[in-house]
There are 2 protein chains.
Amino acid sequence: MPQTGRSGCPINLTLEQLGDRWSLIVIRDVMFGNRRSYGELLAQSEEGIASNILADRLKRLTASGLLTRRPDPKHRQKGIYSLTEAAIQLVPLLAHMGAWGRRHTRSSKELSVRAELLEKGGAPLWNAFMDELRHLHLGAPRPARSVFGELQAAYEKALARRARYAQD
Amino acid sequence: MPQTGRSGCPINLTLEQLGDRWSLIVIRDVMFGNRRSYGELLAQSEEGIASNILADRLKRLTASGLLTRRPDPKHRQKGIYSLTEAAIQLVPLLAHMGAWGRRHTRSSKELSVRAELLEKGGAPLWNAFMDELRHLHLGAPRPARSVFGELQAAYEKALARRARYAQD
DNA sequence: TTCAAGCGCTTGCATAATGCAATTAGTCTG
DNA sequence: CAGACTAATTGCATTATGCAAGCGCTTGAA
């Protein structure tokens with residue numbers, strides 16, 4: 001979607017940049033799934049994003065300053081994508097989106113675990129997560145706490161609980 | 001956009017419902033502009049929404065439980081649209097979207113005033129605004145404070161400041 | 001060095017969505 | 001009843017999405 005500047009309202013301008021089906025999904029996967037390459041994002045996409053849409057969005061998000069791309073030293077054809085500070089500051093927005101979705105859509109338990117923790121943790125948790133993302137993506141010092149690890153552990157625990165339940 | 005349920009992630013499901021260019025713009029205008037009819041929404045659209053897109057979105061948002069429509073007693077052809085509780089609970093999401101847009105896009109000062117106040121006010125202000133929206137849209141008791149009035153007054157003050165500046 | 005495998009896109013094509021502007025259908029008032 | 005106003009709908013061109021095949025690049029093994 002071209003950024004047309006139909007009005008100067010910040011909500012409108014945000015939607016001109018991110019108001020499509022796929023951009024925030026890509027950001028989500030980089031952010032919460034730590035998927036940093038085209039191949040990972042494509043192969044592990046829960047929603048089955050199409051290859052041309054993924055390539056297009058990565059290009060756009062890079063052009064508009066939400067992702068950066070550097071060549072992978074181990075394979076120069078591959079890009080390693082990182083979140084910019086602007087993208088990291090989308091954490092509260094995505095947390096709220098997850099919270100709203102938990103309440104108002106039919107979301108799955110396991111995939112909602114992160115959203116639940118982020119809602120419970122509130123702004124202190126988001127800030128800690130953003131600090132960690134600055135470390136993972138921007139080279140900032142490693143913070144003491146790994147929110148990413150906590151979210152991942154909770155997700156895996158929910159999966160294991162689900163697997164055990166399916167087994168019974 | 002059809003709601004395809006590509007995954008059970010709450011962020012994905014929210015985006016399947018609201019992840020297009022225009023749905024949140026319509027919600028924003030009902031919520032912050034108190035525009036309650038097709039004609040108002042069309043005529044006063046800052047972004048110049050097309051008539052077919054507006055009609056389509058009103059129909060969809062009504063079908064998916066974010067708006068309700070009742071005939072205007074004064075003119076039965078006209079509908080009066082109201083936010084549902086699910087839509088009202090989008091306040092924090094829109095507040096964050098506005099805050100992000102203020103920081104990362106080239107938004108206009110006057111149109112950013114509401115976003116600035118909502119960011120400063122945080123969750124207490126959002127909750128007060130949601131209570132007021134429940135009064136305006138759902139028939140709940142009128143709360144003591146009018147956040148809507150405060151936001152509108154600040155916007156008009158910024159407009160007046162702008163007009164005076166243009167005059168000099 | 002050559003070749004094959006793997007990978008990151010790109011392309012071809014069909015369908016769906018958007019956007020502009022004109023038109024139609026419904027409602028009310030004089 | 002006719003005309004004005006209003007809420008959509010329609011016609012058409014452009015753009016976006018989605019599936020799947022294909023192309024070009026990079027690397028590692030023979």
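Here is the naming used below: chain letters follow the sequence lines, and residue numbers restart at 1 for every chain.
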By side chain to side chain donor-acceptor pair (under 3.5 Å), A/Gln152 pairs with (sequence neighbours left out) A/Arg114, A/Glu156

Expressed as a whole number of angstroms, how long is the span from [X]:[atom1] to [N]:[atom2]?
{"X": "B/Asp56", "N": "C/dT18", "atom1": "CG", "atom2": "P", "result": "7 Å"}
{"X": "A/Tyr38", "N": "D/dG24", "atom1": "OH", "atom2": "P", "result": "16 Å"}
{"X": "B/Tyr81", "N": "D/dA7", "atom1": "OH", "atom2": "P", "result": "9 Å"}
{"X": "B/Arg21", "N": "C/dA17", "atom1": "CZ", "atom2": "C1'", "result": "14 Å"}
{"X": "A/Leu42", "N": "D/dC19", "atom1": "CG", "atom2": "P", "result": "11 Å"}
{"X": "B/Lys59", "N": "C/dA17", "atom1": "NZ", "atom2": "P", "result": "13 Å"}
{"X": "A/Ile53", "N": "C/dA17", "atom1": "CD1", "atom2": "C1'", "result": "13 Å"}
{"X": "B/Glu16", "N": "C/dA17", "atom1": "CD", "atom2": "P", "result": "13 Å"}

Residues 62-119 of chain B vs ring-ring contact (aromatic ring centres under 6.0 Å, His included), sequence neighbours excluded, gives A/His96-B/His96, A/Trp126-B/His96, B/His96-B/Trp126, B/Trp100-B/His104

Open item on the list: Using side-chain heavy atoms (C-beta onward) and a distance below 4.5 Å, is B/His135 in contact with B/Pro143?
Closed with: yes

Review point. If we only count heavy atoms from C-beta on, is the B/Met31 to B/Val91 side-chain gap below 4.5 Å?
Key: yes

### Query
Between A/Arg57 and D/dT17, does any side-chain N or O lie under 4.0 Å from OP1 or OP2?
yes

Here the residues of residues 22-32 of chain B within 4.0 Å heavy-atom distance, strictly under, of DNA chain C are B/Trp22

Rounded to 10°, the angle between the first-five-pair and last-five-pair axes of the helix from C/dT1-D/dA30 to C/dG30-D/dC1 is 0°

[X] side-chain N/O to [Y] backbone N/O, donor-acceptor pair under 3.5 Å:
{"X": "A/Asn127", "Y": "A/Ala123", "answer": "yes"}
{"X": "B/Ser82", "Y": "B/Thr68", "answer": "no"}
{"X": "A/Asp29", "Y": "A/Leu41", "answer": "no"}

For A/Phe129, the ring pair (Phe, Tyr, Trp, His ring centres under 6.0 Å) test, sequence neighbours excluded, returns A/Phe32

- request: Evaluate the criterion salt bridge (Lys or Arg N to Asp or Glu O under 4.0 Å) for residue pair B/Arg103 and A/Glu85; output intermediate values, then yes/no.
  value: CA-CA 11 Å; B/Arg103 228 170 278 276; A/Glu85 177 65 24; over 6 Å; no

Distance col, row B/Ser64:OG vs B/Gln17:CD, nearest 0.5 angstrom, shows 4.5 Å

Scoring nucleotides 20-30 of chain C by protein non-hydrogen atoms under 4.0 Å (B base, S sugar-phosphate only, - none) yields BBB--BBSS--

The single option from B/Glu116, B/Met97, B/Lys109 that satisfies side-chain contact (heavy atoms from CB on, under 4.5 Å) with B/Arg102 is B/Glu116

